[in-house]
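Notes follow the structure.
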Amino acid sequence: MQTTVYPFPSAACTVYHDAPLSALKATLPGRAIVVTDQHLMDAHGDQLSDWPCIIIPPGEQYKTQATVDDIIEQLIAKGADRQTTLIGVGGGVVTDITGYVASIYMRGIRFGFVPTSILAMVDAAIGGKNGVDVGLYKNMVGTFRQPGFLWYDMALLQTLPDAEWINGFAEVIKHACIKDADLFAWLEQHHWADCKADAALCAELVRRNSDIKAAVVVNDEREQGERKLLNFGHTIGHAVENLYQLPHGHAISIGMVAACKLSEEISGFASVEKERMVQLLQRYGLPTHLAFDKAQVMDILLKDKKKVNQTIHFILLQAIGQSQVVPIGTAQLADLLEQVL
Ligand SMILES: NC(=O)c1ccc[n+]([C@@H]2O[C@H](COP(=O)([O-])OP(=O)(O)OC[C@H]3O[C@@H](n4cnc5c(N)ncnc54)[C@H](O)[C@@H]3O)[C@@H](O)[C@H]2O)c1
């Protein structure tokens with residue numbers, strides 16, 4: 001086991017690499033309660049048998065205030081106090097909701113994550129954004145608060161369904177697009193199944209990606225500038241995700257292609273690069289087109305957190321590995337949605 005530290009401005013986060021879940025308890029200062037979902041319990045319940053556990057139903061549809069209330073009631077019933085550490089063991093739904101509960105329960109208790117999906121390992125567990133959805137609006141309510149630790153046990157990925165490997169690689173491709181042209185080229189030569197088959201290769205890829213995300217957050221924890229780049233593909237992606245109940249990675253993939261088309265129009269992104277992007281997404285089993293209802297999507301975009309006055313901050317590419325934040329007026333965006341997408 002090896003440790004590193006992500007020095008986020010509000011609080012440092014200790015990262016445990018190559019860390020078997022069985023060794024976690026010995027590193028904790030006192031009482032801990034695990035929040036996990038039923039799939040993780042079915043797959044790895046034997047490893048959680050000596051922890052008090054709160055089990056939530058799996059799926060984005062349970063990333064809601066109702067689930068938060070339910071967890072809080074169980075925390076009270078279990079006598080959780082300010083010395084208790086809350087541990088989210090699961091994918092991004094579990095980590096988002098655990099971080100949120102831990103930041104509001106008794107005005108904030110310690111928490112950490114054991115991310116178990118590729119998406120949570122490379123993205124959701126890192127950076128201190130916690131929260132829940134409200135109706136169609138993704139992550140509408142939440143907090144910024146850093147987990148005290150991230151615990152990477154790659155063996156947990158053995159039970160991750162193939163569809164979730166594909167979902168997670170959408171965020172890996174996102175990191176390559178916005179920050180790392182070499183990673184993009186690496187992905188063109190590989191496949192998610194290579195990582196599934198080779199834990200060492202997977203650990204290296206996960207670490208490269210978690211480091212990309214953490215470096216962005218270290219520079220801009222509260223999303224005033226650079227962190228916005230991580231929203232590449234997410235503005236339209238989030239809108240279609242909830243509207244059509246799409247898997248997160250599929251929605252982001254569609255959103256990234258849409259953002260590439262806007263980039264061609266606005267920021268000089270070459271059409272040949274857009275084609276590379278489409279081919280890479282297809283290579284990883286991700287969809288690249290959806291005939292969505294533009295008026296409904298526009299309606300959701302108008303309520304997006306990234307809307308400032310009458311503009312929406314879009315992340316556009318100048319080249320693969322180079323991204324920028326571009327404010328687009330809502331009237332212009334409505335036209336672009338009709339004409340370009
Ligand atoms: N906070 C952030 O910065 C941030 C960033 C990106 C995404 N997110 C959020 O993350 C969520 C998506 O995360 P996700 O894709 O991990 O979804 P998820 O948590 O729903 O997990 C996907 C599915 O895989 C199952 N699963 C997870 N790990 C498993 C394992 N090892 N073995 C067997 N089954 C396993 C889960 O039970 C679930 O059914 C979204 O809610 C998104 O908004 C948050």
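Index from 1, following the sequence. Numbering of ligands and ligand atoms starts at 1, following listing order.
A parallel orientation is assigned to the rings of Trp186 and His190, their planes being inclined by less than 30° (bins at 30° and 60°).
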Hey, what polar pairs (N/O, under 3.5 Å) does ligand 1 make with protein?
unit_1   : atom_1 : unit_2 : atom_2 : d
ligand 1 : 1 (N)  : Asp96  : OD1    : 2.9
ligand 1 : 1 (N)  : Ala124 : O      : 3.4
ligand 1 : 1 (N)  : Lys129 : O      : 2.9
ligand 1 : 3 (O)  : Lys213 : NZ     : 3.2
ligand 1 : 13 (O) : Gly92  : N      : 3.1
ligand 1 : 16 (O) : Gly92  : N      : 2.8
ligand 1 : 16 (O) : Ser117 : OG     : 2.6
ligand 1 : 19 (O) : Gly92  : N      : 3.1
ligand 1 : 19 (O) : Val93  : N      : 3.0
ligand 1 : 28 (N) : Thr116 : O      : 3.3
ligand 1 : 28 (N) : Thr116 : OG1    : 2.7
ligand 1 : 31 (N) : Thr116 : O      : 3.0
ligand 1 : 31 (N) : Leu156 : O      : 2.9
ligand 1 : 32 (N) : Thr159 : O      : 3.3
ligand 1 : 32 (N) : Thr159 : OG1    : 2.7
ligand 1 : 37 (O) : Asp37  : OD1    : 3.2
ligand 1 : 37 (O) : Asp37  : OD2    : 2.6
ligand 1 : 37 (O) : His39  : ND1    : 3.0
ligand 1 : 39 (O) : His39  : ND1    : 2.8
ligand 1 : 41 (O) : Glu60  : OE1    : 2.5
ligand 1 : 41 (O) : Glu60  : OE2    : 3.3
ligand 1 : 41 (O) : Lys63  : NZ     : 2.9
ligand 1 : 43 (O) : Lys63  : NZ     : 3.1
ligand 1 : 43 (O) : Lys138 : NZ     : 3.0

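Side-chain atoms of Cys202 and Leu157, non-hydrogen and from C-beta on, do get closer than 4.5 Å to each other.
Using a 3.5 Å distance cut-off with no hydrogens or angles, the side chains of Glu164 and Asn167 do pair a donor with an acceptor.
Residue pairs meeting the salt bridge (Lys or Arg N to Asp or Glu O under 4.0 Å) criterion with at least one partner in residues 113-123, sequence neighbours excluded, are Asp123-Lys174, Asp123-Lys213. The list of ring pair (Phe, Tyr, Trp, His ring centres under 6.0 Å) pairs with a residue in residues 254-288, not counting sequence neighbours, reads Phe169-Tyr284, His191-Tyr284. Every pair passing side-chain hydrogen bond (donor to acceptor under 3.5 Å, both in side chains) that includes a residue from residues 287-301 is listed here, sequence neighbours excluded: Gln282-Thr288.
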